[in-house]
Amino acid sequence: MAAPEAWRARSCWFCEVAAATTMEATSREAAPAKSSASGPSAPPALFELCGRAVSAHMGVLESGVWALPGPILQSILPLLNIYYLERIEETALKKGLSTQAIWRRLWDELMKTRPSSLESVTCWRAKFMEAFFSHVLRGTIDVSSDRRLCDQRFSPLLHSSRHVRQLTICNMLQGATELVAEPNRRVLETLASSLHTLKFRHLLFSDVAAQQSLRQLLHQLIHHGAVSQVSLYSWPVPESALFILILTMSAGFWQPGSGGPPCRLCGEASRGRAPSRDEGSLLLGSRRPRRDAAERCAAALMATRRKSEAKQVARATPATRVTRRSTQESLTASGTDPKRELHPPATSQEAPGTRRPPSAPAATSSAASSSTSSSKRAPASSAPQPKPLKRFKRAVGKKGARTRQGSGAESEDLYDFVFIVAGEKEDGEEMEIGEVACGALDGSDPSCLGLPALEASQRFRSISTLELFTVPLSTEAALTLCHLLSSWVSLESLTLSYNGLGSNIFRLLDSLRALSNQAGCRLRALHLSDLFSPLPILELTRAIVRALPLLRVLSIRVDHPSQRDNPPVPGNGGPPSHIIGDEEIPENCLEQLEMGFPRGAQPAPLLCSVLKASGSLQQLSLDSATFASPQDFGLVLQTLKEYNLALKRLSFHDMNLADCQSEVLFLLQNLTLQEITFSFCRLFEKRPAQFLPEMVAAMKGNSTLKGLRLPGNRLGNAGLLALADVFSEDSSSSLCQLDISSNCIKPDGLLEFAKRLERWGRGAFGHLRLFQNWLDQDAVTAREAIRRLRATCHVVSDSWDSSQAFADYVSTM
């Protein structure tokens, strides 16, 4: 009897609220109302009035609402704002209620964007709150514009922070300063425990104050938090100091800056340990000023640049030399104070913290001013100055203008020098820097370049996944990355996509080899892609497998042929011998290998040597591979059969296999493969009438093959009907996934295919993919065919306009 009595009490309580709300609504209606052009609207229902009153007074009625019966609570949920809707989630689940539909509607109405079709949303509440946090942080949403977002009792950032798993920082580091501010301390503490992925997109140049805020943010989220992945996207002109800062912080290095407050968490962690050697001196070495890791790396690399420039000036003729002393003399002779010229007055029209391009008359840094002044006052016979780097203009306004803080003149010179020379490399200069950098990695002391002494320093927690997408790596940046990688034992996955490594790939291989020799190395996945490579892709693959024998996943792609495929250049020594040695590859742990090849025939023996050493290989994907003859392709397949007994998935994309039909049949008869993909491989271009029956016969006798993908092979109606025989009564095939997308299939052929499956009475065989076929030519027939097919399998199709494929249609007539 206790439960009914409690239910009756709660219902009576709700009725009292309803009565009070009704009286309030009646008194309002008694007052004179303004007439509207559309006439009087229908009065809201009594229950809706009660629900609005309850939602408006949730601060007092929250506990009572949580105790309401499920049917009443279900009607109140859509009327709550996002804060109470999020708080009541657990109670609603206990009563068998779901809020997913409400959160989905909020997403559609407030975010007004559609999720990607490839994204599977499992929790709309978490997705909404994460996006809401980002919008509030960037100031792109006004919480006061909608009653569902506005509640004075809650902080939007704090309330939604615990749902944030992924945070994106864009442009000029918007949001970093706000997160490290003292009023948002609890927000940052919550993010430190909830955030897993930190992304940077389309970064632009930033000032010292923003970088100082970013240092504190990364220190809190990585060193004292749970962030395990850092990704950088689309940074066409990377700022050297900022890029090195992100790398060093991600690798676990931290030195408190002179302009920032001390870390409270570091102070608490260090109370329990005895005083030891100064960590800063371990990183910096003796007789060095105290700087953070990013500044030290940048300063050392800039020193290397100055050394290279000095060599070039030394080789120049005396008549063309312009020294600093002569520049100062010329300034003095012209009546200009050198110090005044190097340090412009603060009464500039430009906002504090805003930098002009190096070519601007009023330079904002000593390095820029010195370079500009020298170039203006140098004689006509002086050496030409390098072309200034084009940079993005910064937005100047109340929010954009920042004031430089804390680092002093030396730090100002360093950062401004980095801004000016970041992209001004000449080919000869880059080679000289590369020689110095390579020497440091070949065994000399890294401290000679000012880089952190990783072996002697104490490191904080570091990330396990690093991704760089379309971020060009200069020699300085590549050197810093390689130096950090050599001891980054916590790194598990590394992605370098279109970074313009060039000859820096050799330093990368050396650092990966050094990392592999470290105790506790966890690197198991490497994804590498670029436009060019100084090594042919197969030699590069061999070098990577030799350097990382414990690697599990390797994805490598090179779009254009290697320079070694061209005639050799006199005087070019080529890659180091220890990288392209001819010795056999030792046994490795590779389980997944994906390779994208450039144009040109590939030597099959090199690929076979990699396959022979990869006995644990389970998945192989070859994209755009070309072999000199079908016999070479057959040699690769024979190697797979003999040495890769664990292989389960095999994929070929954009390969001309029209002359390799016997090799294709050999694959289909392999009783170890579970999934085979022939994507745009021109399988049926030659002898389709003879090859199709042979292919079907091979598949009918294969009981282990589960998935077959044939997109883009011009199968046509005739080929599809021949393929239907795989599911006949006398077949032992266990095929459950079939992809026939982009195969010029018409509705009448698909309908006949569906009828044959019905005739043979086979059970549901899984998934059938029909993307980009000519099903729009007869919509009625296509719908009937898909209706029949859905009785036996799960059909995935689209509404594709086949008129764009007229040329392909003519070629198959």
Side-chain angles (χ1 to χ4, degrees), residues 198-205 229-251 294 297-298 301 389 418 421-425 427 430-431 433-434 437-438 441 451 463 465-486 488 491-513 515 523 525-537 539-541 543-544 547-548 551 553-563 575 579 594-598 623:
L198 188 61
K199 294 185 177 182
F200 296 89
R201 289 185 181 272
H202 311 294
L203 292 183
L204 303 178
F205 292 91
Q229 176 178 337
V230 171
S231 303
L232 284 80
Y233 297 85
S234 302
W235 198 359
V237 187
E239 183 180 354
S240 297
L242 179 57
F243 179 75
I244 294 174
L245 168 65
I246 296 175
L247 280 186
T248 52
M249 297 290 287
S250 300
C297 292
L301 294 168
L389 175 65
V418 171
V421 304
E424 299 176 358
K425 297 183 182 69
D427 293 339
E430 186 172 354
M431 288 299 295
I433 297 176
C438 190
L441 286 176
L451 295 174
I463 63 173
T465 301
L466 177 65
E467 298 178 339
L468 305 179
F469 296 96
T470 323
V471 181
L473 295 181
S474 62
T475 302
E476 294 90 341
L479 174 61
T480 305
L481 174 63
C482 294
H483 186 60
L484 294 173
L485 283 177
S486 62
W488 202 332
L491 193 64
E492 299 177 3
S493 177
L494 174 63
T495 300
L496 301 176
S497 179
Y498 296 98
N499 306 115
L501 287 173
S503 59
N504 292 318
I505 191 67
F506 302 124
R507 290 192 281 274
L508 177 65
L509 292 173
D510 285 337
S511 63
L512 293 178
R513 182 180 293 104
L515 175 62
L523 187 60
L526 176 62
H527 305 268
L528 181 64
S529 57
D530 218 328
L531 291 174
F532 301 94
S533 171
L535 280 177
I537 183 172
E539 292 188 8
L540 180 59
T541 304
I544 293 175
L548 298 168
L551 204 63
V553 178
L554 174 59
S555 176
I556 181 169
R557 170 180 292 275
V558 178
D559 293 344
H560 298 283
S562 166
Q563 296 178 356
I579 291 181
E594 300 177 0
M595 304 182 66
F597 295 86
D623 188 351

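Computed from heavy atoms alone, side chains included, the values below leave out hydrogens, waters and symmetry copies. Quick caveat: nothing in here was measured; it's all calculated off a predicted structure.
- Listed here is the closest heavy atom pair of R557 and Y498: CD-OH, 3.8 Å.
- Scanning all heavy atoms of the two residues, the minimum distance from S533 to L540 falls at OG-CD2, 3.8 Å.
- Atoms CG and OG1, from L479 and T475 in turn, are 8.5 Å apart once rounded to the nearest 0.5 Å.
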Passes side chain to side chain contact (heavy atoms under 4.5 Å, CB included), L523 versus L512? Steps please. CA-CA 9 Å; L523 187 60; L512 293 178; 3.9 Å; yes
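- Residue L528 is tested with T495, L501, L494, V558 for a side chain to side chain contact (heavy atoms under 4.5 Å, CB included); the sole match is L501.
- Of all heavy-atom pairs spanning P472 and P238, the tightest one is O-CG, 3.2 Å.
- Closest of all the heavy-atom pairs between C482 and S511 is O-CB, 3.1 Å.
- No hydrogens or angles considered: nothing links the side chains of T470 and S234 as a donor-acceptor pair under 3.5 Å.
- Note that CD1 of I537 and CG of D530 are 11.0 Å apart. Values are rounded to the nearest 0.5 Å.
- Each of I246, V471, L242 was compared with F200 under the side chain to side chain contact (heavy atoms under 4.5 Å, CB included) criterion, and only I246 meets it.
- Judged by distance alone, the side chains of S231 and Q229 do bring a donor and an acceptor atom under 3.5 Å apart.
- Atom-to-atom distance recorded for I556:CD1 and F597:CZ is 9.0 Å, nearest 0.5 angstrom.
- The CZ atom of F205 sits 6.0 Å away from atom CD of E239, with the distance rounded to the nearest 0.5 Å.
- Put simply, OG on S497 and OH on Y233 are 10.0 Å apart, with the number rounded to the nearest 0.5 Å.
- Contact between V230 and S250 at its shortest, heavy atoms only, is CG2-OG, 3.7 Å.
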Please determine whether side chain to side chain contact (heavy atoms under 4.5 Å, CB included) holds for the pair L466 and L481, giving the CA-CA distance in whole Å, both sets of side-chain angles, and the decisive distance to 0.1 Å. CA-CA 11 Å; L466 177 65; L481 174 63; 4.0 Å; yes
Take H527 and V553 through the side chain to side chain contact (heavy atoms under 4.5 Å, CB included) test and state the conclusion after the steps. CA-CA 8 Å; H527 305 268; V553 178; 4.1 Å; yes
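- With rounding to the nearest 0.5 Å, the separation of OG1 in T480 from CG in L245 is 11.5 Å.
- Nearest heavy atoms, L509 versus A543: CD1-CB, 3.9 Å.
- Although no hydrogens or angles enter the test, the distance criterion places no donor-acceptor pair under 3.5 Å between the side chain of D510 and the main chain of L508.
- Proximity of a side-chain donor or acceptor of W235 to a complementary backbone N or O of L203 within less than 3.5 Å is detected.
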